[in-house]
Amino acid sequence: MTATGEHQDATGTLARGLWWWERRRSAALDIGLGVLSSLECGIEGIGFAESAALPVPVGVLFGLLVGAVLVLRRRWPIVVVLVAIAITPAEMGYLMGLVGLYTLAASEVPRRIIAALAGMSLVAAFLVTFVQVRQDVGAADFDPGSWYVPLVSVIMSLGLTAPPVLFGLYIGARRRLMESLRERADSLEQELSLLADQAEQRAQLARTEERTRIAREMHDVVAHRVSLMVVHAAALQAVAPKDPQKAVKNAALVGEMGRQALTELREMLGVLRSEQPSPVAAGVGAGADTGAAGVAAGVGAGAGSGAGARPLVAVGRAAASAAEAATAEDGPGLGDMEELIEQSRAAGTVVELLVVGEAREYAPELEQTAYRVVQEGLTNVHKHAAGAKVVVRLAHRGDEVAMQVENGPSDAAATDAGLPSGGNGLVGMRERVTALGGVFVSGPTDEGGFKVSAVLPSGR
């Protein structure tokens, strides 16, 4: 609350009140209590004036002014209680004392101050009551005993002090509890809103990962088969007038490639239709970052991978890996590598396969990723380096498997196959490899060719 009477309401907006009151009904209540206290003290001022040998108007005016102090109870509760204690010997301000002690106990004033002022009020009420009761007993015709005056004084002083203090403490504690619960409710509402935003972001991330995965699968299945079909069709067009038998053979190969592409598409679409959406796992995947020379040398010679490593932040990558694992069970693996290479050889490409280490079984998603890397490398050769010699290297090491597809420069007579390229093949391979915590490197060679290399951890 500001000095001009402005304060913030429960919604946090700035509202304007009357002076120090936050609400108009609070001002009306305090003004009403102040009027009643003034009237009470004004009436009691008549008796005070007579006992103090003062003019009655002076006593009444004093009572009216002193009683009006109760209007300040919310702003300065300590002042109200001190004034009430000060006029207790004049037998004035009973309403001010009750309301003032209640307001003081319910406020944020430190407890030691509340206890001190309540004790002062108790002592003042006890002394005044003790004197008054003793005078009344002395004027009476009977003697109630020595215990009567102290007992009545204690009862009267406690009755004027204890109830308002206890009730004020209860109301203050209840108000603080309600404020704490309101703050917790606001905090919980903010947390729920934040969680809702995060859930929406995770859902959007899941949709994006799923679209990327489907696009990658479609690219892997279609690009290689269609590339081979285009190569065979071009060869068929060239040899048909000269060698009908070879043309028939090439036509049969084109048909076989088309049937295989349709079969793979049908299997993949069937898996996508039956697959349940997997929850999104936002996490941090760790991946090694090695240089191109280190990976290439490690694949060719069977040496270990480079030493430099850094964390790869992959939010949602765990969900993509889990989704790919669902389709990996029915996908190709390292056991199908010979057939893949034979298809490229049948298209007229010279492909050499070099295997280092003892072959063994790996996780289905790892085998499919390794297969797709080699498949995409061969597809790029058919697209952009027709006629070039290709070397496929596969290395089985203790805790990882490495693969590399390297092609030399094209022959002078060989031309680009003219196949369209969206530039997503290398991106898809990198995503596949890094999703499994591996390393992917691609780039031109010094001899004028191109190579792609990947290292995948086997999890052993």
Side-chain angles (χ1 to χ4, degrees), residues 212-232 253-254 256-268 271 299 324 327-355 359 362-386 388-395 401-407 417 419-436 438 440-442 449-456:
T212 302
R213 186 177 69 87
I214 294 175
R216 187 165 57 241
E217 290 290 338
M218 293 290 291
H219 177 275
D220 291 340
V221 170
V222 174
H224 182 72
R225 301 295 183 186
V226 173
S227 298
L228 291 177
M229 291 172 64
V230 171
V231 172
H232 283 295
L253 290 174
V254 171
E256 180 64 22
M257 292 293 129
R259 283 189 293 271
Q260 291 178 0
L262 289 175
T263 300
E264 290 189 10
L265 283 174
R266 188 179 299 111
E267 291 177 354
M268 187 187 69
V271 171
V299 173
E324 290 177 356
T327 59
E329 296 291 344
D330 300 325
L334 294 178
D336 304 312
M337 194 74 70
E338 288 285 352
E339 181 181 356
L340 176 66
I341 293 176
E342 286 299 328
Q343 292 172 358
S344 295
R345 289 171 178 169
T349 303
V350 179
V351 184
E352 181 182 4
L353 175 62
L354 301 177
V355 180
Y362 300 98
E365 59 270 18
L366 186 146
E367 291 205 9
Q368 183 176 3
T369 299
Y371 179 92
R372 294 301 186 193
V373 170
V374 176
Q375 184 185 56
E376 181 62 27
L378 294 175
T379 301
N380 288 338
V381 174
H382 297 315
K383 284 183 178 181
H384 310 297
K389 181 179 178 181
V390 184
V391 178
V392 177
R393 298 182 177 91
L394 183 63
V401 58
M403 67 286 315
Q404 183 185 82
V405 179
E406 180 180 359
N407 63 272
L419 292 171
S421 176
N424 296 319
L426 295 177
V427 175
M429 282 192 288
R430 184 180 300 277
E431 290 177 351
R432 282 182 177 273
V433 172
T434 55
L436 297 180
F440 178 83
V441 178
S442 63
F450 195 85
K451 65 181 177 183
V452 294
S453 304
V455 179
L456 296 172

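Since the model is a prediction, treat every value here as computed from it, not as a measurement.
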Novice: Please lay out, stage by stage, how V392 and L378 fare under the test side chain to side chain contact (heavy atoms under 4.5 Å, CB included).
Specialist: CA-CA 9 Å; V392 177; L378 294 175; 4.3 Å; yes
Novice: Which atoms form the tightest heavy-atom contact between S442 and R430, and what is the distance?
Specialist: OG-NH2, 4.4 Å
Novice: Tell me the closest heavy-atom pair linking R372 and P332, and the distance in Å.
Specialist: NH2-CD, 3.8 Å
Novice: So which heavy atom on A385 is nearest to which on N407, and how close?
Specialist: CB-ND2, 3.7 Å
Novice: Take V350 and V390 through the test side chain to side chain contact (heavy atoms under 4.5 Å, CB included) and record every step on the way to the result.
Specialist: CA-CA 6 Å; V350 179; V390 184; over 6 Å; no
Novice: Got a second to check how far Q375's CD is from D336's CG, nearest 0.5 Å?
Specialist: 10.5 Å
Novice: Identify the two heavy atoms, one from Q404 and one from S453, that lie closest to each other, and give their separation to 0.1 Å.
Specialist: NE2-OG, 2.9 Å
Novice: Between Y371 and G333, what is the shortest heavy-atom contact and its length?
Specialist: CD1-O, 3.3 Å
Novice: If you measure from CD on E406 to CD on E352, what distance do you get to the nearest 0.5 Å?
Specialist: 11.0 Å
Novice: Let me confirm one number: the CG-CG distance from L456 to L366, rounded to the nearest 0.5 Å.
Specialist: 4.5 Å
Novice: Test side chain to side chain contact (heavy atoms under 4.5 Å, CB included) on V373 and V405; report intermediate values, then the result.
Specialist: CA-CA 8 Å; V373 170; V405 179; 5.6 Å; no
Novice: Can you tell me how far apart CG (L353) and CG (L340) are? Round to the nearest 0.5 Å.
Specialist: 10.0 Å
Novice: Check whether any side-chain heavy atom of L354 sits under 4.5 Å from a side-chain heavy atom of V391, and report yes or no.
Specialist: yes
Novice: Could you please spell out the steps behind the side chain to side chain contact (heavy atoms under 4.5 Å, CB included) verdict for V381 and F450?
Specialist: CA-CA 9 Å; V381 174; F450 195 85; over 6 Å; no
Novice: Would you check if R393 and M403 make a side-chain contact, meaning some heavy-atom pair closer than 4.5 Å?
Specialist: no
Novice: Calculate, to the nearest 0.5 Å, the distance between atoms CZ and CZ belonging to F440 and R432 respectively.
Specialist: 12.0 Å
Novice: Restricting to non-hydrogen atoms, name the atom on A388 and the atom on T349 that form the minimum distance, rounded to 0.1 Å.
Specialist: O-CG2, 3.8 Å
Novice: Would you compute the distance between atom CD of E431 and atom OG1 of T369 and round it to the nearest 0.5 angstrom?
Specialist: 12.0 Å
